[in-house]
Protein chains: 2
Amino acid sequence: MAMPPPFEEREEREAFDRIVETLIFLYTESRRLTKEQARSHDLTGPQLTVIKLLSGIGELSLTELSESMQTRNSTVTGIIDRMESADLVKRARSDEDRRVVKIRLTPKGRALAKSVPIEPMSLFREALETLSAHEARTLLKLLSKLEKSVRDALGGAIPAPSTHASPHEDHTDGR
Amino acid sequence: MAMPPPFEEREEREAFDRIVETLIFLYTESRRLTKEQARSHDLTGPQLTVIKLLSGIGELSLTELSESMQTRNSTVTGIIDRMESADLVKRARSDEDRRVVKIRLTPKGRALAKSVPIEPMSLFREALETLSAHEARTLLKLLSKLEKSVRDALGGAIPAPSTHASPHEDHTDGR
DNA sequence: TAGGAGTATTTCGCATACGAAACAAATTCG
DNA sequence: CGAATTTGTTTCGTATGCGAAATACTCCTA
């Protein structure tokens, strides 16, 4: 039989397990509440995200939308389908490039966006308020480091979003 | 018109946005790769998680399983249905409490568990290796603080997990 | 300038994921 | 004891979420 691993190693494994577990907890629970809050306005979580993104930016192609939401195009197609049926959003073929579909809010969608105060992932955002400014900076630094490792592991093909103010970068998300 | 918010506040909001964005990135990308890796063994992501949980513990009720996986019972029912069809897992009514369904690996499931080296969320776990022990401790502390805030916000109804959801845990330490 | 490579979107089939309601067994309480 | 309540699981309907293949269009190059 193998020797039991040394103490420090075992301890580190358990710390990693706790980190993974907590990350999943924070993500899933925040997502769950976002969904529940969105429901009171007849929206789903991702639909809320779409509305907030479009209301901030005005017009996005389907691919831009799917990148902002960290999901695949085929997923967003379905979300937009349902939102279009609900008259929240409108598709229009681009004139410069007739392959791309531009997505905009309808008046109804715009009105809804204004009337819904909830931000996607608001539970998690509120939790962040309990951190001090210093803690928040530390957390961001550590998460960014992890992000970099992950992007490297995925093969640098995917460019990282610039850490600060990119031209019209925008945030995400409530899936 | 409203005054623009003061600099520090604006900066803080952007930091929060970046944290949310990065959290989602880490979670979704890790999940995506786990799924892809599991596929080479004819498993899905959640199925891999089930196999690893059961192979470590032996037997879990459906509710215990769903708590460990942070999903709802109705979701796990479907996952177990498909795994049962694939002869990876077996359901058995408990004798003490005939409402409870115990889930165990079949020999085939046990063999598969041994032959699959992948841990769920392994991409994220590997990224954690790039942190120093001190950084990992700091990260865990900050995430735990957020977890606590979130649980409080959800109303203390939900008890914090005791590190693992094992059915008959030997509690050597409080926690 | 025709054709091939590449890009944007949709379609399809499948596997989560959720809440609400239906069921069944256990527990509580009058 | 027996009805009311609680708890564990399943069923149902709907919405993501994904990869692979199909479509439609653009760009590049021989």
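Side chains are part of it too, since the values below use all heavy atoms of this structure and drop only hydrogens, waters and symmetry mates.
- Straight-line distance from the CZ atom of Arg39(A) to the C1' atom of dT14(D): 12 Å, rounded to whole Å.
- Under the 4.5 Å side-chain heavy-atom criterion for grouping Ile, Leu, Val, Met, Phe, Trp and Tyr, Val100(A) is not connected to Ile57(A) through any hydrophobic cluster.
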Worked check of salt bridge (charged side-chain N to carboxylate O under 4.0 Å, His left out) between Asp81(B) and Arg91(B)
CA-CA 9 Å; Asp81(B) 281 349; Arg91(B) 265 183 253 240; 2.2 Å; yes

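- Between Asp42(A) atom CG and dA15(D) atom C1' there is a gap of 14 Å when expressed in whole angstrom units.
- Out of dA26(C), dT9(D), dT11(C), the shortest distance to the side chain of Thr77(A) is found at dT11(C).
- Contact annotation: Thr75(A) does not reach the phosphate of dG17(D) (side-chain N/O to OP1 or OP2, under 4.0 Å).
- Nucleotide dT23(D) holds its P atom 19 Å from the CZ atom of Arg98(A), rounded to whole Å.
- Distances were taken from every side-chain heavy atom of Val100(A) (C-beta onward) to each of dT9(C), dC25(D), dG17(D); the shortest belongs to dT9(C).
- Rounded to an integer number of Å, the gap from Arg99(B) CZ to dT27(C) C1' is 8 Å.
- Map Thr44(A) and Arg72(A) each onto its nearest nucleotide of DNA chain D; the residue landing nearer the 5' end is Thr44(A).
- Straight-line distance from the CG atom of Asp95(B) to the P atom of dA25(C): 14 Å, rounded to whole Å.
- Mapping Thr63(A) and Glu36(A) onto DNA chain C by nearest heavy atom places Thr63(A) closer to the 5' end of the strand.
- Comment: Glu12(A) does not engage Arg137(B) in a salt bridge, judged by the lack of any side-chain N to carboxylate O separation of less than 4.0 angstrom.
- Nucleotide dG8(D) holds its C1' atom 15 Å from the CD1 atom of Ile80(B), rounded to whole Å.
- Applying the side-chain contact (heavy atoms from CB on, under 4.5 Å) rule to Leu23(A) yields the partners Leu23(B), Met121(B), Phe124(B); only residues at least two apart in sequence or on another chain are considered.
- Toward the 5' end of DNA chain C, the nearer of the two residues Glu64(A) and Thr28(A), judged by each one's closest nucleotide, is Glu64(A).
- Checking dT11(D), dC25(D), dT16(D) against every side-chain atom of Pro46(A), the shortest atom distance belongs to dT16(D).
- Remark: the Ser74(B) side chain and the dG19(C) base include a donor-acceptor N/O pair separated by less than 3.5 Å.
- Between dT16(D) and Gln47(A), a contact under 4.0 Å exists linking OP1 or OP2 to a side-chain N or O.
- Between Leu43(A) atom CG and dA15(D) atom P the separation is 12 Å, expressed in whole Å.
- Summary of the strand contacts: Ser61(B) and Arg82(A) both lie near DNA chain D, and taking for each the nucleotide with the nearest heavy atom, the more 5' one is attributed to Ser61(B).
- Note: CG (Asn73(A)) to P (dT11(C)) measures 13 Å, nearest angstrom.
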What's the verdict on salt bridge (charged side-chain N to carboxylate O under 4.0 Å, His left out) for Arg151(B) and Glu147(B), showing C-alpha distance, side-chain angles and the deciding distance?
CA-CA 6 Å; Arg151(B) 286 192 192 279; Glu147(B) 178 185 5; 3.0 Å; yes

